[in-house]
Amino acid sequence: MKITPRWVKTIINLWPPFLGAGIKVCHIAPDWKQVDVSLKLGLTNRNYVGVHFGGSLYSMTDPFFMLMLMNTLGKDYYVWDKAGAIDYRKPGKGVVTASFRVNDALLDDIRAATENGDKYLPELQVDVVDESGEVVATVQKTLYIKRKKGR
């Protein structure tokens with residue numbers, strides 16, 4: 001069975017940690033180069049002072065660069081999340097979104113850096129923005145990518 005973006009979107013949206021936190025995958029492009037995620041403020045994801053819980057803000061960004069690169073690079077590559085950091089900029093209220101993008105230049109860089117079997121640790125960034133477009137948090141993800149031997 002081929003794993004399609006539509007199938008992944010459905011499964012992730014039903015996955016209990018995302019479902020319980022109110023995280024919703026809104027769109028995954030057919031070529032895996034774009035993913036849009038939203039998080040609506042609710043009872044299950046607000047903190048003591050009534051704004052988005054920081055853990056939910058990070059969770060809404062956690063797996064997507066890895067999934068995107070796994071599917072754009074294909075089975076010839078190992079792709080793992082290695083590290084992540086979040087910089088909270090302002091309290092998140094209402095609906096917040098994160099838009100992930102992977103472009104051909106990044107894919108070319110990865111292929112060039114790993115063609116001799118070397119590991120590559122790209123640092124990718126995504127902003128979580130509120131309904132007015134203001135940045136609520138910036139998430140930095142470091143991925144581990146390596147071409148599989150014999151491929």
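Just so you know, residue 1 is the first one in the sequence shown, and it goes up from there.
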Do Tyr88 and Leu57 make a side-chain contact, defined as non-hydrogen atoms from C-beta onward lying under 4.5 Å apart?
yes
Would you indicate whether the side-chain heavy atoms of Leu143 and Lys82 approach each other to under 4.5 Å?
no
When you look at Val102 and Trp32, which way does the side chain to side chain contact (heavy atoms under 4.5 Å, CB included) test go after all the steps?
CA-CA 8 Å; Val102 169; Trp32 293 93; over 6 Å; no
Looking only at heavy atoms, which two atoms of Asn47 and His52 are closest? And how far apart?
ND2-O, 3.8 Å
Pro63 versus Asp81, closest heavy-atom pair with distance
CA-OD2, 4.3 Å
Close side-chain approach of Trp7 to Thr4, heavy-atom, < 4.5 Å
yes
According to the interplanar angle, ranging from 0 to 90°, do the rings of Phe18 and Phe64 count as parallel (below 30°), tilted (30 to 60°) or perpendicular (above 60°)?
tilted
Which atom of Val51 lies closest to which atom of Pro91, heavy atoms considered:
CG1-CB, 3.8 Å
So, the side chain of Asp76 versus the backbone of Arg147: is there a donor-acceptor pair under 3.5 Å, distance only?
no
Could you tell me if the side chain of Leu107 sits less than 4.5 Å from the side chain of Leu69, heavy atoms only?
yes
Given the rule that I, L, V, M, F, W and Y join up when any side-chain heavy atoms are under 4.5 Å apart, are Met66 and Leu73 in one cluster?
yes
Any donor-acceptor pair under 3.5 Å linking the side chain of Asp118 with the backbone of Thr114?
no
Is it possible for you to say whether Val8 and Trp15 belong to one hydrophobic cluster, with membership spreading through side-chain heavy-atom contacts below 4.5 Å?
yes
Lys93, NZ: over 12 other non-hydrogen atoms inside 6.0 angstrom
no
Can you get from Leu67 to Ile3 by hopping between Ile, Leu, Val, Met, Phe, Trp and Tyr side chains that sit under 4.5 Å apart?
yes
In terms of side-chain heavy atoms, does Asp127 have a donor or acceptor partner in Thr138 at a distance below 3.5 Å?
yes
Is there side-chain contact between Pro122 and Thr142, with heavy atoms separated by less than 4.5 Å?
no
Could you walk me through whether Thr72 and Lys33 pass the side chain to side chain contact (heavy atoms under 4.5 Å, CB included) test, one step at a time?
CA-CA 7 Å; Thr72 54; Lys33 292 181 182 177; 4.1 Å; yes
For Met60, the option from Val139, Val126, Val128 that meets side-chain contact (heavy atoms from CB on, under 4.5 Å):
Val128
Identify which one of Lys9, Arg101, Lys24 satisfies the salt bridge (charged side-chain N to carboxylate O under 4.0 Å, His left out) criterion when paired with Asp36.
Arg101
Quick check for you: to the nearest 0.5 Å, what is the distance between Gln125 atom CD and Phe65 atom CZ?
8.5 Å
Worked check of side chain to side chain contact (heavy atoms under 4.5 Å, CB included) between Ile23 and Ser59
CA-CA 8 Å; Ile23 298 166; Ser59 292; 3.8 Å; yes
Is Val25 reachable from Ile11 through a run of hydrophobic residues whose side-chain heavy atoms are each under 4.5 Å from the next?
yes
Minimum side-chain heavy-atom gap Val129-Val136 below 4.5 Å
no
Strictly below 4.0 Å, N to O, side chains only: are Asp109 and Arg111 in salt-bridge contact?
no
Between Ser56 and Leu39, is any pair of side-chain heavy atoms under 4.5 Å apart?
yes
Which pair of heavy atoms, one from Cys26 and one from Ser38, lies closest together, and at what distance?
SG-OG, 3.4 Å
Under 6.0 Å between ring centres: does that hold for Tyr144 and Tyr78?
no
Spatial distance of atom CD1 (Ile28) from atom CZ (Phe100) [nearest 0.5 Å]
10.5 Å
Without swapping roles, check the side chain of Lys141 against the backbone of Asp62 for a donor-acceptor pair under 3.5 Å.
yes
Does Lys90 come within less than 4.0 Å of Glu134, counting only side-chain N to carboxylate O?
yes
If you round to the nearest 0.5 Å, how far is CH2 of Trp80 from CD1 of Ile145?
13.0 Å
Is it possible for you to say whether Val135 and Leu124 belong to one hydrophobic cluster, with membership spreading through side-chain heavy-atom contacts below 4.5 Å?
no
Would you find a donor on one side and an acceptor on the other, under 3.5 Å apart, between the side chain of Asn45 and the backbone of Gly42?
yes
